[in-house]
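Here, residue 1 is the first one in the sequence, and each next residue gets the next number. Only a predicted model underlies this, so the values are computations on that prediction, with no experimental measurement involved.
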Amino acid sequence: MELILKYFPELTDCQRQRFAALYDLYADWNAKINVVSRKDFDQLYLRHVLHSLAIAKVCAFDAGARILDVGCGGGFPSVPLAILFPEARFTAVDSIRKKIAVVEGVTAGLGLRNLEPRCARAETLPERYDYVVSRAVTAMSEFVNWVWNRLERGQRGTLPNGILYLKGGDLAEELALTGKRWDVYDIARFFEEEFFETKKVVYTPKK
């Protein structure tokens, strides 16, 4: 929890309480359904919560912005982002029902009213969104094909509407295959911990 306050000192009391509650909620759910690797569960705030919040260092979402988290797993990055941006609206989708059960449980436990977990595949959703967020779900060209038609043009945050994706390693070739122009943000610019040395947020606008 100190790690979150180190980089986000302006949190409200409600936000602090919700971030603090994440450890016990995920510990309880992870004992039933393993969505966070047991070997790094003690690093939950570093490797999952703070990593998710790197997106917020790149783009702040407006009130009413609609954000889709694709392949959300246990709720990353959408759960931490929904705590940080309580006026934005998040939809977290995963095709694996037990993972969505965890997100439903954590969302209910936190009293998060701005996050809707849904068991679905992104390409089947009828709605459109301002931003799509995700964390290392699949190859970027495949991911773009899944979500591009779910995105609406405009600007509902500090960047134009588009994709914000958490990824690691050398991405030049993979991003080039998408045919889109990408901005690459090194997370080490925002967070000093060694874990983030090779981690990035990649962004492309819907034009």
Kindly say whether Thr91 contributes a backbone atom to a donor-acceptor pair with the side chain of Glu116 at under 3.5 angstrom? no
For the backbone of Met1 and the side chain of Arg16, can you confirm whether one donor and one acceptor N or O come within less than 3.5 Å of each other? no
Worked verdict on Leu110 versus Gln17 for side-chain contact (heavy atoms from CB on, under 4.5 Å): CA-CA 9 Å; Leu110 294 171; Gln17 289 165 12; over 6 Å; no
Passes side-chain contact (heavy atoms from CB on, under 4.5 Å), Val103 versus Cys72? Steps please. CA-CA 9 Å; Val103 186; Cys72 66; 4.1 Å; yes
Just wondering, more than 12 heavy atoms not from Arg113 lying within 6.0 Å of its CZ? no
With sequence neighbours left out, write down each residue that passes side chain to side chain donor-acceptor pair (under 3.5 Å) with Asp42, or none if nothing qualifies. Tyr23
Backbone N/O of Ala60 and side chain of Thr158: donor-acceptor pair under 3.5 Å: yes
Just wondering, more than 12 heavy atoms not from Arg128 lying within 6.0 Å of its CZ? yes
Heavy-atom pair with the smallest gap, counting every atom of Ser78 and Asp69: OG-OD2, 2.7 Å
Under a 3.5 Å distance rule, please check whether Thr204 uses its side chain to pair with a backbone N or O of Arg181 as donor and acceptor. yes
Could you tell me which non-hydrogen atom of Leu115 sits nearest to which non-hydrogen atom of Ala82, and how far apart they are? CD1-CB, 3.8 Å
Should the pair Arg150-Glu123 be classified as a salt bridge under the 4.0 Å nitrogen-to-oxygen rule? no
Assess the residue pair Arg135 and Tyr165 against the criterion (side-chain contact (heavy atoms from CB on, under 4.5 Å)); give the C-alpha distance rounded to whole Å, side-chain angles, the decisive distance to 0.1 Å, and a yes or no. CA-CA 6 Å; Arg135 183 168 74 155; Tyr165 196 97; over 6 Å; no
With sequence neighbours left out, write down each residue that passes side-chain contact (heavy atoms from CB on, under 4.5 Å) with Glu192, or none if nothing qualifies. Lys6, Tyr7
Could you tell me whether Lys180 sits above the aromatic face of Trp148, with NZ or CZ closer than 6.0 angstrom to the six-membered ring centre and within 45 degrees of the axis? yes
Hits for side-chain contact (heavy atoms from CB on, under 4.5 Å) against Asn161, two or more places apart or cross-chain, chain-then-number order -> Asp130, Tyr131, Arg156
Looking at Glu193 and Phe195, would you say the former's side chain and the latter's main chain have a donor-acceptor pair under 3.5 Å? no
Under 6.0 Å from the CD atom of Glu127, do we count more than 12 heavy atoms belonging to anything else shown? yes
Determine the interplanar angle of the His51 and Phe196 rings, folded into 0 to 90°, and report it as parallel if under 30°, tilted if 30 to 60°, perpendicular if over 60°. tilted
Side chain Gln15, main chain Ile83, donor-acceptor under 3.5 Å: yes
After noting the C-alpha distance and the side-chain angles of Tyr129 and Phe90, does the key distance pass the ring-ring contact (aromatic ring centres under 6.0 Å, His included) rule? CA-CA 9 Å; Tyr129 299 87; Phe90 292 82; over 10 Å; no
Is the number of heavy atoms from other residues, nucleotides or ligands under 6.0 Å of Lys98 NZ greater than 12? no
Going by side-chain contact (heavy atoms from CB on, under 4.5 Å), name the residues that satisfy it together with Arg153, two or more places apart in sequence or in a different chain. Lys206
List for me each residue that meets ring-ring contact (aromatic ring centres under 6.0 Å, His included) alongside Tyr185, sequence neighbours excluded, and say none if there are none. none
For Lys99, all residues meeting side-chain contact (heavy atoms from CB on, under 4.5 Å), sequence neighbours excluded: Val35, Asp94, Ile96
Set out, in order, the CA-CA distance, both residues' side-chain angles and the distance that settles salt bridge (Lys or Arg N to Asp or Glu O under 4.0 Å) for Lys199 and Glu194, then state yes or no. CA-CA 10 Å; Lys199 303 285 193 294; Glu194 185 181 346; over 6 Å; no
